[in-house]
Amino acid sequence: MKKQDIKLVITGHVDHGKSTLIGRLLYDTGSLAYDKIREVEKVSSDRKFAYFLDHLKEEREGDITIDTTQVFLKSGRTNYVIIDAPGHVEFVKNMITGASQADSAVLIVDVIESLKEQTKRHAHLLSLLGFKEVIVVLNKMDLVNYKQEQFLNVKNEINKFLESINMAIIHCIPISALNGENIIRRSKKMSWYKGAPFLKSLTSFKRETLNNKTLIFPVQDVYNINGETVIAGRIISGSLRRSQTIKILPAEKTTKIKSIEKYPWKVVKAYSCESIGITLLKQLPVKRGDVICSPDKTPLLRDKFSATVFWMEDKRFDKNKEMIMRYSTQEVTCRIEKINKRINSSTLKTIKENVNVLENLDMAEVVIKTKKPIVIANFNNIRELGRFILVKNGNTYAVGIITTSIWE
Amino acid sequence: MSYLEKLENQSIYIIREAYAQFKKVAMLWSIGKDSTVLLWLIRKAFFGKIPFPVIHIDTSFKFKEIYEFRDKYVKEWNLNLIVAENKEALYQGITPDKGKFECCNELKTNALKKIISEYGFSALYLAIRRDEHGIRAKERNFSPRDKNFKWNYKNQPLEVWNQYKTWANNNEHLRIHPLLGWREIDVWEYIKKERISVVSLYFAKNGQRYRSIGCECCCDSIASDANTISKIIRELKTSKISERSGRAQDKEDDYTMQKLRSLGYM
């Protein structure tokens, strides 16, 4: 089997079993240290699997997950980072924090309760964050005596729902996290299920490759190193070569790369995801927030674009108020010029009332106007230039993705 | 790109991001393996020239090997070192025997408080990792502390798409955690790959070695024959004991780490 790394988030409604599933997975794969197991056994008589994740006193006493956690697991040649996301609507901000760091997602559903408010909201948020597929697990099969009928009914319902939001299901697995059925090996109690058990199913996620070879190098900072100007940053797509001609946006100045610095070495070429420094042949004014690209293929400069946003601020927000938009290394003053559609983030129904305001947990299709032209991309073309947060007075009000088609 | 290279590039990104936002920064160097790796990454991020001070919180109870290592590399790497001590508490005779919670809180947290207010730092780099402790697993890469050093773990900031909390209100400071996503084994594999020097206490002598180091009185060694980095990596692959099981402050009672951390402990 190929060596791989998977960063996985477990999402779903309150008490549908996210933390229990991860705790069980850690326990059954022998990933827990003996002293950690003893520590949990000391504070819970019936060895609560969720306690391996829920470490805060408040979480254990209230039997809830407040904040997102990341744990590590190795099975075969695969390294997993498993991210637990809280299910409560009050902690949706923490769910987004967790999910945004994952590259694969699981949606867990209680087989008795089926689709609930937060199941749907989490699925919609996964979609907004760029996930195109999920593994669904139907938990608590022990409570329906491991019967196939209930499983099929709920599976059908979930299929319809996820299909309606264009989310593909890779596997739909009946499990009991509490009793360890279908977690790391096939359950004898559910021999009617012929698919892979949960752990094995995780290797079937497809790796998303946007395959965009266009050079994008956002400037993170500019340092003076022994009298020389070094431009620091991380390449987000494409590659850089010494002596290559580049263009700096938004100034639209062109020059050549003199050297690529990767302390303690100088390198000839650098690739996507590398944090590097470069020096230029011509001394041009370059600052944080500028974007370096190749002269023949540049993203457009725009001061107006359409976007989908998810609102997370308690206070109601009227359009046209000024905010700060932050994305990649850029920061710009902006306002929401138009709200085209206000949407309930759980039911996806259009909200017809107060169409010029946004409230906590709303999704919306909006038009954003920035104070000056900025370098952006459609979210599906270049992720890092197509997703942003909106900030006001030090609080994050919203996350959003750019939906305008803006590639030349 | 290999797993270690991914970790390295992401950590360097975080290190530079914090410096771009807060110029008044410093890093905490406990001289342990993790913060020594962090120091290495910071040197890489700034092309060999660290543009801020390095703080060693000195409880005076550290192993002598730690002091020797510190003094050697301060010179070799040309570090701007600040030694933080809570002299008053030491003078009053605070020791681990009188309570580990109070000792850690006075000699580490309060020593740090003094240095922060003296120098006015608005952000500090720390080498904590998620896999060390369940409480640390809940941390953010950029984690705010209020003027009393309180960690509001019930209301942590959103952290999404490499956008971090990069503003500090009055007297607030940010804890920057570039190694949060590294595991113990990643740290050792990186030390091996980059040939980073670490304190000799980590290597087995007479069948014993330290897996986690700090104050001499509060660290237990483990039975081990791992006297090279490769042997340590092999040992970790089969170990069923947690890394910090030899650290007294993690164990005093079930929620000591939560209490210490909510008061500003690392």
Side-chain angles (χ1 to χ4, degrees), chain A residues 3 5 30 32-36 39 42-43 52-58 66-72 79 81 93-94 96-97 99-101 129 220-221 223 225-226 230 232-234 261-264 271-275 277 288 312 326-329 383-384 387-389 391 394-396 399, chain B residues 1 3 5-6 8-17 19-20 43-49 51 130-131 133-140 153-163 165-169 180-181 183 185-186 237 239-245 250-251 254-255 257-259:
Chain A
K3 196 173 171 179
D5 309 308
L32 293 161
Y34 292 150
D35 48 316
K36 296 287 171 194
E39 188 249 352
K42 214 170 94 189
V43 290
F52 295 122
L53 290 300
D54 294 337
H55 265 272
L56 297 171
K57 200 173 179 199
E58 292 82 350
I66 294 174
D67 210 336
T68 179
T69 299
Q70 297 191 12
V71 294
F72 302 86
N79 277 314
V81 176
K93 192 178 71 171
N94 298 340
I96 293 175
T97 296
S100 70
Q101 291 168 49
L129 292 168
Q220 196 178 5
D221 212 341
Y223 308 132
I225 307 292
N226 304 324
V230 178
R234 179 163 57 177
E261 311 281 330
K262 238 192 145 180
Y263 183 82
Y271 301 88
S272 176
C273 295
E274 280 191 75
S275 285
R288 176 178 164 87
M312 292 177 284
R326 295 178 54 179
Y327 68 105
S328 184
T329 61
R383 287 272 149 104
E384 285 81 353
R387 56 193 188 188
F388 59 87
I389 61 171
V391 181
N395 295 313
T396 306
V399 292
Chain B
M1 188 178 274
Y3 187 70
E5 283 170 325
K6 272 189 217 160
E8 179 191 62
N9 281 293
Q10 175 66 8
S11 296
I12 291 176
Y13 187 84
I14 292 170
I15 290 164
R16 288 177 177 162
E17 200 61 12
Y19 184 65
R43 290 176 71 233
K44 283 197 168 193
F46 302 108
F47 306 96
K49 214 168 103 179
R130 287 201 177 98
D131 75 332
H133 197 284
I135 296 295
R136 288 180 173 172
K138 297 206 174 264
E139 268 289 1
R140 298 287 189 268
Y153 53 79
K154 286 190 222 164
N155 186 18
Q156 296 204 73
L158 177 84
E159 203 161 80
V160 61
W161 301 327
N162 295 310
Q163 300 301 325
K165 181 171 164 65
T166 48
W167 45 88
N169 299 325
L180 208 51
R183 296 166 303 171
I185 196 150
D186 302 327
K237 283 185 175 162
S239 171
K240 284 283 172 199
I241 305 293
S242 73
E243 178 182 3
R244 291 177 64 89
S245 65
D250 290 30
K251 299 190 294 194
D254 303 323
Y255 300 104
M257 195 60 163
Q258 179 175 350
K259 279 185 235 158

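As the structure is a prediction and not an experimental result, all values here were calculated from the model. Only this structure's heavy atoms are used, side chains among them; waters, hydrogens and symmetry mates stay out. Throughout, a chain's letter reflects where its sequence line sits, starting with A, and its residues are numbered from 1.
- Options B:Q163, B:R136, B:E5 differ in how many heavy-atom pairs under 4.5 Å they form with chain A, and the most are formed by B:Q163.
- Counted by atom type alone, A:Q220 and B:R16 present zero donor-acceptor pairs between their side chains at under 3.5 Å.
- For the pair A:T68 and B:R140, the minimum side-chain heavy-atom distance is below 4.5 Å.
- Taking 4.5 Å as the limit, some side-chain heavy atom of A:V399 sits within range of a side-chain heavy atom of B:L158.
- How far CH2 of B:W161 is from CD of A:Q101: 12.0 Å, rounded to the nearest 0.5 Å.
- With respect to chain A, the highest number of heavy-atom pairs below 4.5 Å among B:E243, B:R43, B:K240, B:E17 belongs to B:K240.
- Residue A:N79 holds its CG atom at 7.5 Å from CG of B:D186, rounded to the nearest 0.5 Å.
- A distance of 8.0 Å separates NZ of A:K57 from CD of B:Q258, quoted to the nearest 0.5 Å.
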A:R387 vs B:N162, side chain to side chain donor-acceptor pair (under 3.5 Å): CA-CA, chis, key distance, verdict = CA-CA 10 Å; A:R387 56 193 188 188; B:N162 295 310; over 6 Å; no
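- Ranked by heavy-atom pairs under 4.5 Å with chain A, the list B:R183, B:K49, B:Q156 is led by B:R183.
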Could you walk me through whether A:E274 and B:M1 pass the side chain to side chain contact (heavy atoms under 4.5 Å, CB included) test, one step at a time?
-> CA-CA 9 Å; A:E274 280 191 75; B:M1 188 178 274; 3.5 Å; yes
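- Here the closest heavy-atom approach between residue A:S100 and residue B:V160 is recorded as CB-CG2, 3.4 Å.
- In this structure, A:N395 and B:W167 approach most closely via the heavy-atom pair N-CZ2, 4.3 Å.
- Residues meeting the side-chain hydrogen bond (donor to acceptor under 3.5 Å, both in side chains) test with B:E8, sequence neighbours left out: B:K44, B:Y190.
- Residues that satisfy the side-chain hydrogen bond (donor to acceptor under 3.5 Å, both in side chains) test with A:R234, not counting sequence neighbours, are B:Q10.
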